[in-house]
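The block underneath contains the structure these notes are about, expressed in structure tokens.
Naming: A, B, ... by sequence-line order, numbering from 1 per chain. What you see is a predicted model; the values in this text were computed from it and never measured. Computed over heavy atoms, backbone and side chain alike; hydrogens, waters and symmetry mates excluded.
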Amino acid sequence: MSNISAAVTADRLPAEGRRVAARAADLRKTYGRGDTVVAALDGVSIEFAAGRFTAVMGASGSGKSTLMHCMAALDKPTSGEVYLGDVELSTLGDKELTRIRRDKVGFVFQAFNLVPTLTAQENIELPLSLAGRKPDPDWFDTVVDVTGLRDRLSHRPSELSGGQQQRVACARALLSQPDVVFADEPTGNLDSTSGAEVLSFLRDTVDSHGQTVVMVTHDPVAAAYTDRVVFLADGLVVDELHQPSAELVLEQLKRLTAAAGGSAAATGTMATGSEAGA
Amino acid sequence: MLKVTLRNLLARKVRLVLSGLAIVIGVAFVAGSFIFTDTLRATFDGIVKGTTADVQVCPKGACSFDSVADTRTIPASVVRQLGRLPGAAAAHGNDQVQGVYVIGPDGKVVGGGGAPGLAFSFTPTKAITGNRILTLAAGRLPHGVHQIALDQQTVDKSGYRIGDTVHLQTPGTPPMMTARLTGIVTFGEGNSLAGATLTMWDRPAIQQLFFHGRDVFTEVGLTTKPGVSQVELRDQARRVLPTGVTARAGDAVAAQNQKEIGKILGFLNTFLLVFAAIALVVGIFLIINTFSILVAQRSRELALLRAMGASRRQVNRSVLLEALAVGFIGSTIGLGAGYLLAIALKGLFGLIGLDVSGTTMPVHVRTVVVSYVVGILVTLVAAYLPARRASRVAPVEAMRDDVTLGESGMGRRLVVGGVLIALGIAAIVAGWIGSGSGGLTGIGLGALAVLVGVSLLSPVVGRPVVAVLGALYRSLYGTVGQLATANSLRNPRRTAATASALMIGLTLVSTMAIFGQSTKASTEQAIRQTVTAPLIVSSKTQSPFSPAIAASIRSLPGVKTVAELRIASGKVDGNDATIGAADVGQLARTLNVRMAVGALSAAATHTILVDAGTAKANHLRVGERVPLRLQGGTQTVVVAGTFATNSMPMPYLVSLQTLQAGGLKPMDAYLFVSKAPKADIDTVTAEIQKTVADLPTISLQTQQQFIDAQSKQIDQFLYMIYGLLALAIVIAILGIVNTLALSIIERTREIGLLRAVGLSRAQLRRMVRLESVVIAVLGAVLGVAMGIVFGSAMVRALADQGLNVLSIPWIQLVVFVVAAAVIGVLAAVLPARRAAKLDVLQAIATE
């Protein structure tokens, strides 16, 4: 335990001017055995820079969710390495992983984000209270004000709208000031107005507080809020875009879909081409 | 639909195993009770048929199965007369003596002394079965007072061999005897004697030892000539018999004895079945919960079936069919388990002397039918409500994402529960004020109503308990404690039903604890206030002993008074009564009998004294003439006075002469011994001890030892009740396991979410454990609270019957609650482990 805390508190390595908040090296994740083996991740190497908003996109089954689960200490890769800051996750046991999730990672899910028996405030404070810590009151106020939940704190999830629930989830993810916030389709269940609120809020935490956010999404509009979009297909990183717009993302997705319909070689070529561009 | 039902059964094995187990335990209890009492019945039937002659001649009233040693006998001349009857092939006189115990080589009574010790003169009489009652199996028949034969089982148990010197304790003078074992006798068709021991002398020897050498008999057995019926011979015999002696046909005697035994066994069976019923009621809660949750989990699938055209009835029936299968399988296994339970009961009763090991255990069709009917019916009844709810699932819900069968409103429950509790409390209060047996009935019904009412209302009634625990949890365990409390409140009905199961068990346990403690306290107070004698002699086997013991103690130096207290059962004014008899002069010097009306010395010839409470309950007034029926006949006695409740061990007191006039042989139950003023108590005690030392069934106790021995007996009774209630509590624990396991499955995604945001496995396990403890403690607190009310009311209602001290064992009750918390922790072990193993990813795997 102590060596982990030591590692966690150590300074992170600078990479191209920015620290790396999380990275994966040759990450593989397979399901099943023998003939039925399926590779959800087929050797992914990727870095997420600190203080950036990154989107991970890809068709269903492209491995984007699996990648996020492995990066976020929710799932164990079959092989390869995952670093959160300097901590390598693959050797850690459940206790250490729980601690990492509690202290170093924040989560926002598509649905079922809140514990229904707790109030909004209790939900926001949940990771800290599980760790037996009190939130920093100034930061708590900031988070609550930014998310606009001040007058909703004593409400239970069932008394909140979908957008409000998702903002509570965001506030919870941010309160512990984690290294990375992982968001899995955070707007998937929301109408466009609520979705926009949540996305602007995530964008804002990156800009004003230097938070690192990684978001899995289907939605080109959502992806347009990010600094960088990473495209996955068949368990591999096939492309990426910087400073994306909704149109660019949509275009890129179309090309990917077309490529998937074409030959496997085409996918490979395109991937190489795009990476060269980055 | 059938296929769907069967698939569902297989798919939810664990769930169904748990609810099936409740049925198994309940049915096993039912089947075990029947099989065991049937075994006893078969044993006693064998004994009755194997011992009854074609025509039985006895002094009136002395020949029934439960008659005790009688003073009346039949002279030998009558036997000779009977032998000359035209219809009689043979007439044999027999002398039976009760209270003859075989002392094993280890100095202890063979068979433990719980079963009767009988002595006979060896007789060649044939029983109605056509076989001889007694057959010499080995050795020779005994001859003279120093030779005996014993029955095969007693020989096997004691380890004596032919030629050994056997020690005996008898009601004769002197009580201790020795004799050489010359032969072994088998009885009837080799049947079990239910633990009784048989000692045989020859006729002259037994008459010399126990009948002052007179050639008289306690009974005569007649055998019919071929072609002569029992009734014909009986009528012939009646014409020649002296008054006071009667002849009865063997079949009629056997039938009556079987009926009497059947009554006692019926009580035993009912007693056991009451506990089976409790177990089944608790099981119903478990099954309701299981099926409710199964239906809830499957509501989407049921909606799909409805959408595809299944009718409400079909859905309803598919759930009930599932219940039917569970009930059937549970009953089948329960029947088997019941057989094992009967074997265990047989062993248990063998320990206290009722040895029926020689009998095969009969499984009657009735046992099988009742087991299946009870098992299946209980399951169907319990599954009915969930099934109805299932049939109400609207087809459109198949399309929705999250389907939950809403908990229907509490409205009706509140009303019904409230009314029941109000009525129940009214009945209890009425019973409390009214007292007596009517009061007890009121309290019983009131308690039942309150119990059901509280079960219905426990989601509301239990709130303060959960609130207190919640506050405690929050301060001790922070968020985890808060989550656990919140979870237990999430399905208030389910939590309540689960807790109610435990509540029922603990209500009964606490009621019994208070009843037992109060009985002990009342007994102790009564003994301390009443008994002034420092020493008490009694029988360890509860069977009366020879007056020769009192005589020999009386002759010891330093002993001032030995008061003999004899006990008989009979009827006073038509009511069953336990009647004490004593020399009141001696009694007054050893007991402080406080009279309410009249004087103790009024207990003389033709009078009776009555306990004040009993007199009130049975409407006996002082000066009233009432019939007193004892074994040998009915006398008219005058109620000469009443004594204060609890100032005498028996509710009725008569003189020794009255008892003897009732045909009962003088046999003592208790001796109260006081010492001369100057005598040293230790010396006197040692002297008496020396006198009774070689009598293994007799114990000499100081007052404190006597009190302790009484308490121990009450404790033993309580432990037996606790043991029987334990099965209901086991079912309740299964219920907690079940509820926890199901709520964990329901909350898979939430648990995943909690794990994702940093709940450790240890914290998760603790959360489940705490939730379990909430349920268990809720049930325990409600149960103990009701137990206190019911127990106190019950004791109060029985105050007239001598239960005049209400003593509540607070520490024990607290221990019950703590034990319930521990049970909660244990019940959570498996569900918690399962929760900890859940995949964190489930929370976010929305695809």
Side-chain angles (χ1 to χ4, degrees), chain A residues 60-61 64-66 68-70 72-76 93-119 122-134 156-157 169 172-173 175-176 178 182-186 188-189 216 218, chain B residues 400-402 404 406-407 466 470 473-492 495 743 746-768 770-771 774 833 835-847:
Chain A
S60 285
K64 60 187 191 303
S65 284
T66 309
M68 197 193 85
H69 295 158
C70 290
L74 287 171
D75 201 357
K76 288 209 163 195
D94 183 73
K95 266 189 192 169
E96 289 91 354
L97 288 177
T98 301
R99 246 183 116 103
I100 296 275
R101 287 200 295 269
R102 190 191 275 169
D103 300 338
K104 299 293 159 198
V105 180
F107 291 101
V108 182
F109 303 122
Q110 177 179 2
F112 208 83
N113 237 324
L114 305 177
V115 179
T117 50
L118 301 178
T119 62
E122 286 164 344
N123 264 295
I124 294 172
E125 291 173 351
L126 186 60
L128 284 173
S129 65
L130 285 174
R133 290 203 306 264
K134 289 255 173 273
R156 287 188 195 273
R172 178 189 66 206
L175 189 66
S176 58
F182 289 101
D184 189 357
E185 308 259 11
N189 274 9
V216 167
H218 272 115
Chain B
R400 291 207 192 125
D401 189 29
D402 258 345
T404 42
E407 292 212 331
V466 178
Y473 278 3
R474 200 189 281 249
S475 64
L476 283 177
Y477 303 108
T479 309
V480 174
Q482 187 188 353
L483 285 168
T485 319
N487 285 340
S488 69
L489 287 172
R490 207 184 274 183
N491 294 78
T495 302
S743 49
E746 276 185 341
R747 297 204 298 260
T748 302
R749 303 213 322 177
E750 184 182 327
I751 289 168
L753 169 69
L754 286 166
R755 293 274 289 130
V757 299
L759 185 77
S760 71
R761 281 209 171 115
Q763 283 175 316
L764 175 56
R765 278 195 295 263
R766 177 179 295 162
M767 186 177 87
V768 176
L770 291 177
E771 186 181 346
V774 168
R833 192 177 297 170
K837 274 192 200 150
L838 278 181
D839 192 350
V840 180
L841 283 175
Q842 297 251 9
I844 34 190
T846 48
E847 288 152 341

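Looking at B/Arg755, both its backbone and its side chain come within 4.5 Å of chain A, counting heavy atoms on both sides.
A distance of 13.0 Å separates CG in A/Asp94 from NZ in B/Lys837, rounded to the nearest 0.5 Å. Of the inter-residue distances, the one linking B/Gln482 atom CD with A/Thr117 atom OG1 reads 7.5 Å to the nearest 0.5 angstrom.
Here the closest heavy-atom approach between residue A/Ser129 and residue B/Thr479 is recorded as OG-OG1, 2.6 Å. When all heavy atoms are compared, the tightest approach of A/Phe107 to B/Ala756 is CE1-O, 2.9 Å. The two residues A/Thr98 and B/Ser760 make their nearest non-hydrogen contact at CG2-CA, 3.3 Å. Residues A/Leu130 and B/Gln763 approach most closely at O-NE2, 2.7 Å, considering heavy atoms.
Chain A forms the most heavy-atom pairs under 4.5 Å with one residue out of B/Leu759, B/Asn487, B/Val480, and that residue is B/Leu759.
In this structure, A/Glu122 and B/Leu483 have side chains that are not in contact, with every pair of non-hydrogen atoms separated by 4.5 Å or more. Using a 4.5 Å cut-off on side-chain heavy atoms (C-beta onward), B/Leu754 and A/Leu126 make contact.
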